[in-house]
Peer 1: 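Here you go, one structure.
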Amino acid sequence: MTISNHQNTPSSAINTVKPPYITMAIFAIIGFVLLFGGIYLISLGGSWYYLVAGLWILATAVLLKNRAALALWLFAALLVVTAVWSLWEVGSDFWALAPRLDILTFMGIWLWLPHITRYAKSHQPINQKTPSLTPQSTFFDHTWLTPVRHGLGLVILSIFALMGYAAFHDPQEINGTITRAQPTPKPLAGIAPGDWTDYGRTPEGTRYSPLTQINDSNVKNLKEAWTFRTGDFKTANDSGETTNQVTPLKVNNTLYFCTAHQFLIALDPATGKQKWRFDPKLKSDKTFQHLTCRGVSYHDDANVSKNAASLQARQTKSALCPRKIILPVNDGRLVAVNADTGQRCSDFGTNGEVNLQQDMPYPYPGGYNPTSPPVVTGTTIVIGGSVTDNLSTKEPSGVIRGYDVNTGKLMWVFDTGAEDPNAIPAPGQKFVHNSPNAWAPLAYDSQADVVYVPVGVGTPDIWGGNRDRLQERFANSVVALNGTTGKVLWSFQTTHHDLWDMDVPSQPTIAELTDQTGKTTPVVYVTTKTGNVFVLDRRTGKPVVPVTERAVPQTVKRGNQTKGEKYSATQPFSELNLAPPNPLQDKDMWGATMFDQLYCRAYFKSLNYEGIYTPPSENGTLVFPGNLGVFEWGGISVNPDRQVAVMNPLALPFVSTLIPQDPNRPQKEKGAGTEQGVQPMYGAPYGVEIKPFLSPVGLPCKQPGWGYVAGVDLTTHQIVWKKRIGTIRDSLPKLMQLPPLKIGVPGLGGSISTAGNVMFVAATQDNYIRAFNVSNGDKLWEARLPAGGQATPMTYEINGKQYVVIMAGGHGSFGTKMGDYMVAYALPN
């Protein structure tokens, strides 16, 4: 280290040293941004911190101009105050602390460096007669600067220590353990342990496999076994909502699945080699709101006699297709294909297909869109479908229908908006337009012959001033229907007068619940976008886990009340709820830096938000849980043997803004092509803009996490563990790649679990499939996917070997990489 010769330096040399003008300018700009942004935030009722910090940084800039060492002391004090304020607001949450401390910490490091401290004015040192400072002098030359620089350095090191502690002490996580052992899985009639014969493995929708070859001790050894490329890609003529959400079936020696364009493919499950392919000749275009296929259904005439309910039901046989795959096609058709040959079942409907547009009001291609696999009761195909959201008040019906599984004959209907929901339209009549639809998969209790239907809201979703009693009767409900007749047994409404698109979004799950007293109750688990998990006695529809009606907001604080609208005074809440426990506050806002965090805090305070169910508004309303919901179509996985459920909930807000319009204006288009952006709602006095709640740089304004995995003990219905899942590795440009730190990212797709104590899930915005310990949520394994895995995986066994498969095909509007990969994993031989 070189020490300057002070004795030989003229004392006037200090006057030639210029202040650090660039640093001063940067500090001044940052100070003014925080000052004026803080003033605006205060005017909205937000935090005073940013105004104070802006003044503090401006004062530091002034002191830097005067080359005063006090600048370092002042800035060190700001860092200390900011750290204390941050801990008071968010505790030891690494990702919440980061934007509060990152920019200021870098600024502190900059001030600490010698090229800044050398500009400080010197005070008279002890035993020095002619002190001076040259432009080449550094901190090390002046003992009087030692406390200043060391003090600032100590504060910076303390912040790094705080962040290091926060990285390993996440206050959002729940770290319990389910200690109950896994009993021997109970065999199921009609399904081999190594098969996956329904969308949820069983008609009950459990998404649970009794296989144990892959378990919590060896899952870390999983390797890619084979990959199949479908050759089906998104085209320029496809909807923005083109997605690959399929869960394959494995029956006997064949794997069956559909692609986004509804190609039906049969593979050898051991090798991934194609057996046959069927093309339904889908006619699609950009106006389709959805272009996807979540799965197909399987029927075998030989299994009908094993179905207890079907013994009293109709029984038909098919000479051409005793084993068939039922394929929903997005342009409004239902196709039956021979499971062995891949040929049409010509004795089903008309040349192997049924026209689902029959008797539809206001029919148009894509207006009624079956995206989920139907339930097959053994004798009847029960199917619902999606209706275009928020397009107009003149849309197709959301009717649910039952067709003979072998002939395709219409056996019964359940029109959710009709006075008599079971009335089949007479010649010249139509189903009720805009009646609530059931777009998610249905579930079936084969012993009781009951179909459980998850019903959404009648479109338009965001304005309901014109809805009558019949349109509200079954909306946002789970409805229990007799599988043979379609008659209503009971219904339970999960949201009253829905104005937020809070559909029942996923397949109900049927199980036998054994509580802590040993009492067993037949239940159905109903997951919702609100985060409520309603646990109902499936015989009566009465809650098993307590449900309370709570008061919800009735007015908006900013802007006008919605014209012609009404609101429900209360909404139902289950004691089992995976939504964040408290309403959002401005302290929950986030950003990559303090600047976009400040923007998000002001954006949040400018919106109408009084908690869940805040009414839509012209000013803009924060919707949280958002339109994607806490639960989406992936549902949950229930291990009925061990009485455990695993799931992957979301926490991502959206913003809806009503746009006044003439309700009598002519309709200009058919279809929407997306569920986001401006949607017209023709016939209503408003259109609506729906978008994620994002900062100017495209990051969520709500602080992470946005996605989790969780485990629930079903004997107590307590959340035992909850962990963040996923990184932002695939959400940033390649030049901005960060270490793959766990942050908790959104996901679309479901989870499965096995008797080997393993949970498998992909779904996240980063391209991975992961395995977690069912008992405690520890991550056991992950594998990189070649594209987005917005699907639910499944597992099966063939030739004594267990495999796990996932569709890696991406999701158009979710922004993940598109692809055409079916990937299988297995343990090494």
Side-chain angles (χ1 to χ4, degrees), residues 44 239-241 286-290 362 364 366-367 387-395 433-434 456-467 471 475 495 497-503 529 553-568 599-600 602-610 612-629 652-696 698 701 813:
L44 296 172
S239 162
E241 281 287 308
K286 292 181 178 180
T287 66
F288 279 36
Q289 194 170 74
H290 300 277
Y362 308 108
Y364 62 92
V387 175
T388 304
D389 285 341
N390 298 317
L391 180 61
S392 78
T393 56
K394 297 180 179 179
E395 291 293 302
H433 69 88
N434 293 72
V457 61
T459 188
D461 302 45
I462 314 300
W463 185 80
N466 64 343
R467 297 179 198 158
Q471 287 178 306
T495 295
H497 192 67
D498 179 20
L499 303 173
W500 307 270
D501 191 20
M502 293 295 131
D503 299 335
K529 288 187 177 181
Q554 300 291 293
T555 60
V556 294
K557 292 186 175 181
R558 300 180 184 277
N560 300 322
Q561 289 294 113
T562 305
K563 301 172 186 175
E565 190 55 273
K566 53 188 180 292
Y567 308 106
S568 174
Y599 169 91
C600 285
Y603 187 13
F604 170 79
K605 298 296 288 188
S606 71
L607 296 169
N608 284 310
Y609 178 72
E610 302 298 325
I612 188 174
Y613 294 120
T614 299
S617 63
E618 296 178 31
N619 173 81
T621 292
L622 186 70
V623 181
F624 184 66
N627 294 59
L628 291 180
L652 194 66
F654 274 63
V655 176
S656 71
T657 305
L658 293 174
I659 304 169
Q661 69 171 18
D662 178 5
N664 298 314
R665 65 174 176 159
Q667 185 167 334
K668 296 180 180 180
E669 69 256 37
K670 295 289 186 183
T674 181
E675 289 186 305
Q676 297 180 21
V678 177
Q679 298 173 42
M681 299 203 299
Y682 291 109
Y686 295 95
V688 65
E689 181 183 27
I690 300 175
K691 60 184 180 182
F693 182 42
L694 303 178
S695 73
C701 270
S813 64

Peer 1: Could you measure the distance from the NE2 atom of H497 to the CZ atom of R467? Nearest 0.5 Å is fine.
Peer 2: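 Answer for the NE2-CZ pair, H497 versus R467, is 5.5 Å.
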Peer 1: Is it true that a side-chain atom of E565 and a backbone atom of W463 form a donor plus acceptor pair closer than 3.5 Å?
Peer 2: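 Answer holds: no.
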Peer 1: Do S392 and Y362 pass the side-chain hydrogen bond (donor to acceptor under 3.5 Å, both in side chains) test, and can you show the C-alpha distance, the side-chain angles, and the key distance before you say yes or no?
Peer 2: CA-CA 11 Å; S392 78; Y362 308 108; over 6 Å; no
Peer 1: What do the steps show when you test V556 against Q561 for side-chain contact (heavy atoms from CB on, under 4.5 Å), and what is the final call?
Peer 2: CA-CA 7 Å; V556 294; Q561 289 294 113; 3.0 Å; yes
Peer 1: Could you state the interatomic distance from CZ (F624) to CD1 (I612), rounded to the nearest 0.5 Å?
Peer 2: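 So the gap between those two atoms works out to 9.0 Å.
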Peer 1: Can you check side-chain hydrogen bond (donor to acceptor under 3.5 Å, both in side chains) on Q554 and Y613, steps first, answer last?
Peer 2: CA-CA 9 Å; Q554 300 291 293; Y613 294 120; over 6 Å; no
Peer 1: Is D389 close to D501 at the side-chain level, that is, under 4.5 Å between some pair of heavy atoms?
Peer 2: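 Heavy-atom side-chain distance check passes, below 4.5 Å.
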Peer 1: Centres of the F604 and Y609 rings: under 6.0 Å?
Peer 2: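 Ring-ring flag for F604/Y609: true, centres closer than 6.0 Å.
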Peer 1: Identify the residue among L622, I690, V623 that makes a side-chain contact (heavy atoms from CB on, under 4.5 Å) with V655.
Peer 2: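 The option that passes is L622.
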Peer 1: To the nearest 0.5 Å, what is the distance between CG on N627 and OG on S656?
Peer 2: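 These two atoms lie 7.0 Å from each other.
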Peer 1: Atom NZ of residue position K557 - does it have more than 12 heavy atoms of other residues, nucleotides or ligands inside 6.0 Å?
Peer 2: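 Atom NZ in K557 is not crowded, with 12 or fewer foreign heavy atoms closer than 6.0 Å.
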Peer 1: At their closest point, which heavy atom of A684 faces which heavy atom of T393, and how far apart are they?
Peer 2: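 So the two residues come closest at N-CG2, 4.1 Å.
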Peer 1: Please check: side-chain N/O of E689 versus main-chain N/O of I659, any donor-acceptor pairing under 3.5 Å?
Peer 2: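 Not at all, since once roles are kept as given, no pair shorter than 3.5 Å links the two residues.
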Peer 1: Quick one: pull up OG1 in T459 and CD in Q471 and give me the separation to the nearest 0.5 Å.
Peer 2: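 Result: 10.5 Å between the selected atoms.
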Peer 1: Is there a side-chain contact (heavy atoms from CB on, under 4.5 Å) between L628 and F654 once you walk through the steps?
Peer 2: CA-CA 8 Å; L628 291 180; F654 274 63; 3.9 Å; yes
Peer 1: Using the ring centroid of each side chain, check whether Y603 and F693 are separated by less than 6.0 Å.
Peer 2: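 Yes; F693 has its ring centre under 6.0 Å from that of Y603.
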Peer 1: Would you name the heavy atoms of P680 and R665 that are closest together and state the gap between them?
Peer 2: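 So the two residues come closest at O-NH2, 3.3 Å.
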Peer 1: Shortest non-hydrogen contact from T562 to S617?
Peer 2: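 Heavy-atom minimum between the residues: OG1-CA, 4.4 Å.
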Peer 1: Whether the side chain of S813 engages the backbone of G240 through a donor-acceptor N/O pair (distance < 3.5 Å, no angle test) should be reported.
Peer 2: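 No; zero donor-acceptor contacts below 3.5 Å.
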Peer 1: Hey, is the main chain of M681 close enough, under 3.5 Å, to the side chain of N390 for a donor-acceptor pair?
Peer 2: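 No; judged by distance alone, with no hydrogens or angles, the pair does not exist.
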Peer 1: So which atom in K563 and which in P685 form the shortest heavy-atom distance, rounded to 0.1 Å?
Peer 2: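 Smallest interatomic distance, heavy atoms only, reads O-CG, 4.4 Å.
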Peer 1: Can you tell me how far apart NZ (K394) and NE2 (H433) are? Round to the nearest 0.5 Å.
Peer 2: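 These two atoms lie 8.0 Å from each other.
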Peer 1: Keeping the roles fixed (side chain from K529, backbone from P625), state whether a donor-acceptor pair exists under 3.5 Å.
Peer 2: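 Not a single qualifying donor-acceptor pair exists.
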Peer 1: State, yes or no, whether a side-chain contact exists between P615 and T555 at a heavy-atom distance under 4.5 Å.
Peer 2: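 With C-beta onward as the side chain, the pair stays apart.
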Peer 1: Where do D503 and G456 come nearest, in terms of heavy atoms and distance?
Peer 2: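 Closest pair (atom of D503, atom of G456, distance): OD1-CA, 3.3 Å.
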Peer 1: Give a yes or no on whether the backbone of R558 and the side-chain of N608 come within a donor-acceptor separation of less than 3.5 Å.
Peer 2: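 Yes; judged by distance alone, with no hydrogens or angles, the pair exists.
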Peer 1: Run the side-chain contact (heavy atoms from CB on, under 4.5 Å) check on D461 and Q679 step by step: do they pass?
Peer 2: CA-CA 11 Å; D461 302 45; Q679 298 173 42; over 6 Å; no
Peer 1: Backbone N or O of G366 within a donor-acceptor pair of the T287 side chain at under 3.5 Å?
Peer 2: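 No, the answer is negative, given that no donor and acceptor are paired below the 3.5 Å cut-off.
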Peer 1: Provide the closest heavy-atom pair for H290 versus S239 in the form atom of the first, atom of the second, distance.
Peer 2: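 Heavy atoms of H290 and S239 come nearest at N-OG, 4.4 Å.
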Peer 1: Nearest 0.5 Å, please: how far is CG in N434 from CG in N466?
Peer 2: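 Output value for this atom pair is 8.0 Å.
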Peer 1: Are a donor atom and an acceptor atom from the side chains of Y364 and T388 found within less than 3.5 Å of each other?
Peer 2: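 Note: Y364 and T388 side chains meet the donor-acceptor criterion.
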Peer 1: Please determine whether side-chain contact (heavy atoms from CB on, under 4.5 Å) holds for the pair I462 and Y686, giving the CA-CA distance in whole Å, both sets of side-chain angles, and the decisive distance to 0.1 Å.
Peer 2: CA-CA 9 Å; I462 314 300; Y686 295 95; over 6 Å; no
